[in-house]
Number of protein chains: 2
Amino acid sequence: MTGYTRQKHVLIAVDCIIFGFDGNSMQQLLIRRSFEPAKGKWSLMGGFVQHDEDLPVAAARILKTLTGLEGVYLEQLGAFGRPDRDPKERTVSIAYFALIDINQYKLQLSNDYQAAWFDLQETPRLIFDHDEMVKQAKDRLRYKAAIHPILFELLPARFTIPQLQQLYEAVYETTFDKRNFSRKILSTGLLVKQKEKDKETSKKGAYYYKLDKRRYQEKFHSFLNFISDPGKLK
Amino acid sequence: MTGYTRQKHVLIAVDCIIFGFDGNSMQQLLIRRSFEPAKGKWSLMGGFVQHDEDLPVAAARILKTLTGLEGVYLEQLGAFGRPDRDPKERTVSIAYFALIDINQYKLQLSNDYQAAWFDLQETPRLIFDHDEMVKQAKDRLRYKAAIHPILFELLPARFTIPQLQQLYEAVYETTFDKRNFSRKILSTGLLVKQKEKDKETSKKGAYYYKLDKRRYQEKFHSFLNFISDPGKLK
DNA sequence: TCAAAAGTGTTAGTTCTACACCCATGC
DNA sequence: GCATGGGTGTAGAACTAACACTTTTGA
C-alpha cells in the first residue's frame, strides 16, 4: 500500500485542558514542558498521537499518564493548526478538555511533569497557542454547562447543594440566589438526597446528594437551561 | 530547524459538509471522488491542508473551489482520526460545515467534481467516515440553530417568514404553529420588514424581511431559545 | 366565488425572578 | 446565646403552548 504522493506530512498532537474544582474556584492542571522547544515553560499536557491510535484514545492515554485517572469526562474541543504554532515543526493539535474530580487526582509518584494546579483566574502564560485553547475550553465549558448537567463531573460522588452552587458560581464568575438555584437543580430530578449530612463546612450540616445515574444518562443531552443566557452574564 | 524525531507524520485533510436549503428541504452538496481509493464514489468535498495553510483557510479554499463562494458561514465540526479511516494512508481530517445560500451556488463551468445536491433524507452511502461526519454535522446544526440565529445563512438576503418557517421545519423535521413561530422570530428584533411582498408562492403574497445586520452580529452569540428542547422533538 | 396561503390575538399553564425568615448546631 | 451557614415559600412578571378566524388575490 503506497501513500498519497506529493503531500506534505505533519505531526498530530493531542493537548488536554484539565479542569478541576477545589471547592472554591475552578482550577486547571498544567505541566512544565520537559523538552525543547520551550522547555521548562508552563504548558498543557499533551503528546503526539501514535501510529494506529485513535484521537480519543490518545487523549485518554495522555490524561491517564498525567493524572492516573481513567474513564473521566473528555470532550474534543477542536483542531488547532496554525502553520507556525509549534516553532520546531508543523504540528496540528487536537485539543480535548477533561473534567475531573480533583480529589481523585493524586500527584503521580514520579512527578515527571512537574504538574501543578492553577486557579483559572491566575494562570501563567502558556506556550504556543495553549492560551487560546484554554480560553476556548473555558467558553465551551460555560456554554455547555448552561444547558447540560456536565459540572457534576467535577464533584465527588457525594456532594451538597451549597457545594454545587459554589461550583456554578465559580464557573460563571457570578452569584446565584440559593433558593432559585436549589429549586432549579432539584427540579431536574437528577439528584437523590442521602441520609447523611456534610458537617465539614457548617454547624448545621448540609445534606449529601448523589446523581441518579440512569436519569443523568437519559437527560444528559436534553436542554435543561441551567443558566438562562450565559452570554448576558458579566 | 530540525523536526521532532521518531514521530510518525501523517496527512491532514479538510472535509466540508455543505448545507443548503432549496425552499422545501435541507440539501447537501456532494461530489464524486475523482481519484483512488474509492474513485467515483460519493464523498464530501475535501482536500489536503497545504504547507503553510491554516485550517480555516484550507476549508474556505476547498469550499470556494467547489462552489465559487467566499465569505460564507464555516464552522469547525471537529477532527476525525481513526487510524484506518482512509485505507490508503493515515489521514486525519478536520471537518467543517458550511451554510450557503443555495441560490448563490452556480454549477462551476468545469464541473470537475461532478457535484450534486442531495436531500438530507436521501443521501447516498459516502466513503470512509463521511457518513459519520454528516450525522454529526446535522446534529450540530440542530443544536446550534436551537439557540442561535444561524439558519439565516441558508436564505437569500430577502426572505419571508413562511420561508423561514419552512426552513426551521425542514431542519427539525417537524411542524411549528405559525402564530407562535412568527411571534418568536419577530421578538428577537433581528428582522426588518420590507415594503415588497413575495408573490411567487401565494396569491396574497408574503412580506419580505431582511436581517438587521448590526443586531444580528450583536445577538449572534446570545442564547435565543428558538426551539425549547430540540432533543425532545422527533 | 372559491381555493390557497398570509397574517394576527387571547388565554391558561408554566417558568423565572426577586425577595426574607426560621432552623440546627458548635462554640 | 449567638454567629454561621442550611433550608424553605410566595407573588408578580415573562414566557410558552394551544387554539380559529379574517384577509388577499389569482384562477
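Convention: sequence-line order gives letters A, B, ...; per-chain numbering from 1. The analysis underlying the following values was restricted to heavy atoms, covering all of them including side chains, and did not include hydrogens, waters or symmetry mates.
For the pair A:Y207 and B:G205, nearest-nucleotide mapping onto DNA chain D gives the more 5' position to A:Y207.
Counting atom types as modelled, B:R179 pairs no side-chain N or O with a base atom of D:dT22 as donor and acceptor under 3.5 Å. No donor-acceptor contact under 3.5 Å links the side chain of B:K204 to the base of C:dA4. Taking 3.5 Å as the limit, the base of D:dG6 and the side chain of A:K203 contain no donor-acceptor pair of atoms between them. Between the side chain of B:R183 and the base of C:dG7 there is no donor-acceptor pair of N/O atoms closer than 3.5 Å.
Here D:dT16 is the nucleotide among D:dG7, D:dT16, C:dC19 with the atom lying nearest to any side-chain atom of B:K184. Comparing atom distances between the B:N180 side chain and each of D:dC19, D:dG5, C:dT8 picks out D:dC19 as nearest.
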Could you walk me through whether A:V171 and A:M26 pass the side chain to side chain contact (heavy atoms under 4.5 Å, CB included) check? CA-CA 7 Å; A:V171 168; A:M26 287 297 295; 3.8 Å; yes
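Between A:H148 and B:Y143, a ring centre-to-centre spacing shorter than 6.0 Å is recorded.
Within the 4.0 angstrom heavy-atom criterion, no nucleotide atom of any strand lies near A:S187. Residue B:T201 is in sugar-phosphate contact alone, with no base atom involved, counting any heavy-atom pair closer than 4.0 Å across all strands shown.
Atom CD of A:Q163 is separated from atom P of D:dG7 by 11 Å (rounded to the nearest Å). For the pair A:I185 CD1 and D:dT8 P, the interatomic distance rounds to 15 Å; values are reported in whole Å. Put simply, OH on A:Y208 is 14 Å from C1' on D:dG6, counting in whole angstrom units. The distance from atom NZ of B:K197 to atom C1' of D:dT24 is 7 Å, rounded to the nearest whole Å. When rounded to the nearest whole Å, the span between CZ of B:F176 and P of D:dA18 equals 12 Å. Taking atom NZ on B:K193 and atom C1' on C:dA6, their separation rounds to 10 Å, with Å as the unit. Distance, B:K178 NZ to C:dT8 P: 11 Å, rounded to whole Å. Regarding A:F226, its CZ atom lies at a distance of 14 Å from the P atom of C:dT15, rounded to whole Å.
Using a 4.0 Å cut-off, some side-chain N or O of A:S228 falls inside it from OP1 or OP2 of C:dT17. Applying the 4.0 Å criterion to OP1 and OP2 of D:dG26, one finds that B:K199 has a side-chain N or O inside that range.
Using a 30° and 60° split on the angle between ring planes, A:Y168 and A:F226 fall in the tilted class, from 30° to 60°. A:F220 and A:Y73 have tilted rings, their planes meeting at an angle from 30° to 60° on a 0 to 90° scale.
A:F159 pairs with exactly one of A:Y207, A:Y208, A:F152 by the ring pair (Phe, Tyr, Trp, His ring centres under 6.0 Å) rule, that one being A:F152.
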